[in-house]
Amino acid sequence: MDRLDVRQTVYQVIMVTVVAVIVGAIASLAAIAFVEAVLLLNDYLLVSPYARIQAEDRHLLVVAATIAVPACGGLMVGLIVRWFVQERRALAPPDAILAAQTQRAGPGFRSGLASTLAALVSLGSGASVGQYGPLVYLGAMFGNLAGHLRLNLRHQRSIAIACGVAAAIATAFNAPIAGLVFAHEVILRHYSLRAFAPVTVASATGYIIANVIFDRPALFLVSFDHVEHSYEFLFFALEGVLSAGLACGFMWLLRASTAAAGRFPVPQWLKPASAGLVLGLVALWIPEVLGIGQETLRFATIEGAFGIGELALIIVAKLVLTALCIGFGFVGGVFSPALLVGILFGAFYGLVLPYLLPLPYSGLEVYAICGMMALASSVIGAPLTTILIVFELTRSYDLTIAAMVAVVFSNLISYRVIGRSLFDLQLRARGFDLSLGRDKAILETHPVRDYCIQTYTTAYVDETVGAVRQRLVEDDRAEAMVLTREGLFRGVVRLQKLVNGRADAPLETVMVADATRFDADTTVWQSMEMLRGFLGEAVPLVGGDGRLIGVVPEEAVIRAYLEIVHDLREEENEAA
């Protein structure tokens with residue numbers, strides 16, 4: 001390595017570290033500010049259980065706030081999204097995945113801030129949505145900004161986005177390892193040393209700021225010794241299977257709610273308010289459906305806190321109302337509701353199990369935690385992350401192994417039924433399908449028109465075979481594009497067909513009218529599929545008006561495929 005290489009390497013290491021620390025610190029501080037603002041609004045607007053208990057002597061005020069706050073919050077959210085978010089929809093983790101995976105310009109900073117404000121209003125007014133989705137997008141937004149700095153770093157944008165996301169997750173869960181794995185498992189979709197080092201630094205930065213500097217409390221505290229009976233691992237596996245069914249039902253409800261909202265005959269900006277009104281009315285009866293439900297989540301691991309009937313009622317209400325809120329336009333994530341529904345279902349399973357199988361077992365806590373992680377991992381498609389969250393939060397090896405069994409069986413079932421995660425389903429609806437891996441998804445984002453050339457032989461449909469044959473010989477080509485005199489594409493003629501034809505025969509008699517052709521939207525992946533069995537030099541690229549735009553040589557399609565795949569392999573395997 002010469003001196004120039006040494007200087008370049010030192011520069012890259014320093015700059016990558018600086019970017020990771022800065023992005024991690026900003027994302028962490030922003031996440032803390034966001035969570036604190038939500039808690040403040042919840043207390044001020046009588047959404048949190050503590051505030052509602054404090055105001056129990058003013059019953060009418062609590063009733064009025066329960067109905068009016070979510071409805072008014074929904075109205076504000078609808079107006080914010082309508083007027084300030086350019087995309088006219090909430091920005092979420094799928095946008096972060098898309099920005100990290102492709103070179104497309106992501107949503108603007110103004111849209112990101114407005115979407116974050118809408119999420120803050122949603123969560124602050126008690127909507128049944130999650131806070132981790134907005135935190136993930138918040139971290140990705142700051143990473144995206146750093147990705148546009150001119151620092152001459154390879155894959156700077158995707159790594160910076162992963163840094164922001166890792167720091168946000170590390171801050172939210174006090175779990176730096178889980179933050180690191182989440183960024184690779186969900187956002188980057190690969191593991192490489194080039195990304196591993198800065199994302200680790202960012203995640204550690206987020207953890208230090210949240211846990212050391214601000215000393216933030218853990219999401220929940222669990223005291224668990226060990227699994228007392230080996231046969232209980234069968235119970236954990238069964239719980240994972242049942243959790244997968246619930247996760248699939250949850251995702252089906254989300255999609256059904258979104259479809260129903262599309263048919264709901266009110267303006268788009270009023271739909272969150274209508275969902276908020278329904279939420280408020282139900283909350284008069286079941287207040288646990290309001291907000292993130294952190295207190296409910298913590299109580300779920302305590303024996304006797306809820307009865308079987310109460311748990312079943314809250315689970316159903318939380319599932320339906322979360323789907324309603326998200327489908328009708330409230331801004332927030334699905335991770336927190338999945339955690340809450342999962343822990344409630346786990347507690348329900350732990351209470352029902354002794355009645356079905358009267359055997360000694362290890363208590364309610366382990367089943368509650370297993371249910372929480374099994375359901376959440378199926379929804380967000382991050383089994384490793386959820387297992388690590390259990391380990392980092394509880395420091396219990398036995399509890400982690402139990403959760404791991406439930407998570408594995410849950411993901412086995414849910415992957416077969418609906419795919420990897422809700423995020424992937426949302427991306428597929430936008431035309432970015434990750435179900436068959438990054439290669440196919442990214443090849444489908446590159447249009448083959450980028451490889452179009454204008455060097456080809458033209459023939460006209462009213463010419464003779466002899467005239468076109470002579471032109472192909474002079475041009476040293478084996479095929480010609482046949483057009484009308486008005487420039488409309490009609491087909492292809494190949495030299496093999498012209499060689500033995502009569503010179504005065506009409507060209508149409510040897511023309512291939514149904515030849516393979518691309519259009520302006522054909523992607524590199526689609527072009528590879530279309531070239532199966534293709535015999536020829538180039539494929540015509542025809543516009544929507546029927547005119548020939550140019551031709552794409554067969555070797556250009558192969559070259560495009562190899563270049564894109566080479567870049568992906570380099571990104572996934574290069575060291576630093």
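- Looking only at side-chain heavy atoms (C-beta outward), L425 and R428 come within less than 4.5 Å of each other.
- With hydrogens and angles disregarded, a donor-acceptor distance shorter than 3.5 Å links the side chain of E392 to the backbone of I177.
- Side-chain contact check for V366 versus Y361: every heavy-atom pair is 4.5 Å or farther apart.
- Remark: R430 CZ is packed, more than 12 non-hydrogen atoms of other residues, nucleotides or ligands lying under 6.0 Å away.
- Remark: aromatic rings of F236 and Y367 are close, center separation under 6.0 Å.
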Between I369 and V390, does the side chain to side chain contact (heavy atoms under 4.5 Å, CB included) criterion hold? Intermediate values first, please.
CA-CA 8 Å; I369 300 299; V390 174; 4.1 Å; yes
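- In the model, S378 has a side-chain atom that pairs as donor or acceptor with a side-chain atom of S410 under 3.5 Å.
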Start with the C-alpha distance between E365 and I302, add both sets of side-chain angles, then the distance that settles side chain to side chain contact (heavy atoms under 4.5 Å, CB included), and finish with yes or no.
CA-CA 7 Å; E365 286 182 337; I302 300 173; over 6 Å; no
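- Looking only at side-chain heavy atoms (C-beta outward), I286 and I314 come within less than 4.5 Å of each other.
- Using a 4.5 Å cut-off on side-chain heavy atoms (C-beta onward), I442 and K440 make no contact.
- Between the NZ atom in K271 and the SG atom in C325 there is a gap of 15.0 Å [rounded to 0.5 Å].
- The closest side-chain heavy-atom distance from S257 to F328 is below 4.5 Å.
- Here the side chain of Q131 pairs no donor or acceptor atom with the backbone of G333 at under 3.5 angstrom.
- In this structure, the side chain of N411 does not engage the main chain of P383 through any donor-acceptor pair within 3.5 Å.
- Here the closest heavy-atom approach between residue A37 and residue L120 is recorded as CB-CD1, 3.6 Å.
- Ring centroids of Y132 and F173 are separated by less than 6.0 Å, placing the two rings close together.
- The number of heavy atoms from other shown groups lying within 6.0 Å of CD (Q54) is above 12.
- Nearest heavy-atom pair across E239 and G346 is OE2-CA, 3.3 Å.
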Verdict with reasoning, V186 to V181, per side chain to side chain contact (heavy atoms under 4.5 Å, CB included)
CA-CA 8 Å; V186 177; V181 174; over 6 Å; no
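- In this structure, the side chain of E310 engages the main chain of G307 through a donor-acceptor pair within 3.5 Å.
- For the residue pair N211 / R216, no side-chain donor-acceptor distance below 3.5 Å is found, with atom types taken as modelled.
- For the 3.5 Å distance criterion, the side chains of E295 and S48 fail to qualify, holding no donor opposite an acceptor.
- Under 4.0 Å is where a charged nitrogen must lie from a carboxylate oxygen, and between D43 and R52 no such pair does.
- More than 12 heavy atoms of other shown residues, nucleotides or ligands fall within 6.0 angstrom of atom CG in L356.
- Residue-environment remark: OH (Y50) stays at or below the threshold of 12 foreign heavy atoms within 6.0 Å.
- A parallel orientation is assigned to the rings of H184 and Y191, their planes being inclined by less than 30° (bins at 30° and 60°).
- Shown here for S28 and G206, the closest heavy-atom pair between the two residues is OG-O, 3.4 Å.
- Annotation: the span from L39 atom CG to I292 atom CD1 amounts to 6.5 Å, rounded to 0.5 Å.
- Note that the CG atom of L138 and the CZ atom of F142 stand 5.0 Å from one another [nearest 0.5 Å].
- Contact detail for L75 and A273: the closest heavy-atom pair is N-CB, 3.7 Å.
- Within the 3.5 Å criterion, the main-chain N or O of F109 finds no donor-acceptor partner in the side chain of N144.
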Output, in order, the C-alpha distance, side-chain angles, deciding distance and verdict of side chain to side chain contact (heavy atoms under 4.5 Å, CB included) for D95 and Y137.
CA-CA 8 Å; D95 294 288; Y137 186 76; 3.8 Å; yes
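- S115 places no side-chain N or O within donor-acceptor distance of the main-chain N or O of S111, the cut-off being under 3.5 Å.
- The minimum heavy-atom distance linking P70 with A65 is given by the pair CD-O, 3.7 Å.
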Donor-acceptor list for residues 247-255 side chains, cut-off 3.5 Å, not counting sequence neighbours:
none

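- Within the model, atoms OG1 of T385 and CG of L180 stand 9.0 Å from one another, a figure rounded to the nearest 0.5 Å.
- Centroid-to-centroid, the aromatic rings of F299 and F306 stay 6.0 Å apart or farther.
- The distance from atom CD1 of I67 to atom CG of L281, rounded to the nearest 0.5 Å, is 5.0 Å.
- Rounding to the nearest 0.5 angstrom, the gap separating the CG atom in L290 from the CG atom in L284 is 9.0 Å.
- Two residues are said to be in side-chain contact when any heavy atoms from C-beta on lie closer than 4.5 Å; L242 and F345 meet this criterion.
- When every heavy atom of I413 is checked against every heavy atom of A244, the shortest pair comes out as CB-CB, 3.6 Å.
- No donor-acceptor pair under 3.5 Å is formed between the side chain of Y44 and the backbone N or O of A51.
- Residues F348 and I308 form a side-chain contact, since some pair of their non-hydrogen atoms from C-beta on lies under 4.5 Å apart.
- Side-chain contact between L364 and L351 is present, with at least one heavy-atom pair separated by less than 4.5 Å.
- Dense packing is recorded around CZ of R82, with more than 12 heavy atoms of other residues, nucleotides or ligands lying under 6.0 Å away.
- Under the side-chain contact (heavy atoms from CB on, under 4.5 Å) criterion, A368 pairs with T301, I343, A347, sequence neighbours left out.
- R189 and Q101 share no side-chain donor-acceptor pair at under 3.5 Å.
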